[in-house]
> 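Below is one structure. I have some questions about it.
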There are 2 protein chains.
Amino acid sequence: MHKIDDMDVRILGQLQRDGTLSIDSLAERVHLSRNACWRRMKNLEERGFIRERVAILDAEAAGCGLSVFIFVRTANHDPDWLGKFRAAVSGFPEIVGVYRTSGDLDYILRARVSGVKAYDRLYQRLIAKVPLSDVSASFVMEEIKETTSIPLSEMVGGAG
Amino acid sequence: MHKIDDMDVRILGQLQRDGTLSIDSLAERVHLSRNACWRRMKNLEERGFIRERVAILDAEAAGCGLSVFIFVRTANHDPDWLGKFRAAVSGFPEIVGVYRTSGDLDYILRARVSGVKAYDRLYQRLIAKVPLSDVSASFVMEEIKETTSIPLSEMVGGAG
DNA sequence: CGTGAAACAGACCGACC
DNA sequence: GGTCGGTCTGTTTCACG
């Protein structure tokens, strides 16, 4: 397991809040010299703590303001079906998340579409590619919280 | 509504895949000159199409490899409760998404924790802050797909 | 929209304490 | 870990066609 200290956590915390930070302003915020900060950042990148740097677009402006959670319950567990399912969901850019879960549901999907009609079209295209029984959907009426920042409190000094 | 053309869509698509792209490589990929590409990018930023640029961290490496969906159904709809609920979920960094939804469920939450024990602690702290009845959770066994990229097909030329 | 150029900031990377 | 100083890359604006 990688060893991380408090300073690394602070650097990661800043970068996941604002990826445009220059080395100088980052160093200033975490109270470190420019070079030491740069060395740590490179190290964290190499060790895989930083997976990617991306631009987060405004979904509303981009015309896909409707977020939908899709719940799939299936009795069908043969590998052939699963392969088709994986291939299908991977091919839809509207489907932004697919999770196999414990509990009542087998799969939870999240999609971004322009509206209810676009969702129905997505649904029709999906079930045409892979047989799905027991599908239900919840439309997001309001995004109360949504962040790409993961909690870093567990990384260091935590009581476990 | 803002007017966007195919070239803008291509620029946004590249940036949401890789936010580290320099103007030169971005211009090359979308087949535009450096300067024209820069002008369009600035314009898109000013118009709010690009909400933020962030680093996406590796949740596993960061010690919060367990993703949980939490489903809340409530009969309690008074504004006082809702205010407390909003304040509570906003205060927990482990809770990375909160959505008010249509359908059977009232709220869907997503949390990132280190494990089942950490989830239980989060749950206890949450219900201590705000009364919740009818809560259920699904633990993510496998992330089949997860992306911050939103579909851009709807933006231009789409049949709507 | 394209080009070129100039000015500036920032990233990168050694050497050294 | 901090400092110095260098080079190189990239950004940001010009002016002009």
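If you're wondering where the values come from, they're calculated on a predicted model, not measured in any experiment. Below, chain A is the first sequence line, B the second, and so on; all start at residue 1.
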> Tell me which pairs pass side-chain hydrogen bond (donor to acceptor under 3.5 Å, both in side chains) where either residue lies in residues 79-91 of chain A, with sequence neighbours left out.
Arg86(A)-Glu142(B)
> To the closest 0.5 Å, what do you measure between CZ (Arg53(B)) and CG (Leu15(A))?
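Reported to 0.5 Å precision, the distance equals 14.0 Å.
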> Under 4.0 Å from any atom of DNA chain D, heavy atoms only: list the residues of residues 13-44 of chain A that qualify, in numerical order.
Leu32(A), Ser33(A), Asn35(A), Ala36(A), Arg39(A), Arg40(A)
> 5' to 3' on DNA chain D, which nucleotides open and close the contacts with chain A (atom under 4.0 Å from a heavy atom)?
dG1(D) to dC4(D)
> Of all heavy-atom pairs between Thr148(B) and Ile56(B), which one has the smallest distance, and what is that distance?
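Here Thr148(B) and Ile56(B) meet closest at CG2-CD1, 4.0 Å.
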> Indicate the ring-plane relationship of Tyr107(A) and Phe85(A), choosing parallel, tilted or perpendicular according to the 30° and 60° boundaries.
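The arrangement is tilted - the two ring planes meet at 30° to 60°.
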> Sort out for me which residue in Arg40(A), Lys42(A), Lys3(A) forms a salt bridge (charged side-chain N to carboxylate O under 4.0 Å, His left out) with Asp8(A).
Arg40(A)
> In terms of side-chain heavy atoms, does Arg39(A) have a donor or acceptor partner in Asn43(A) at a distance below 3.5 Å?
no
> First locate atom SG of Cys37(A), then atom CG of Asp24(A), and finally report the distance between them rounded to the nearest 0.5 Å.
9.0 Å
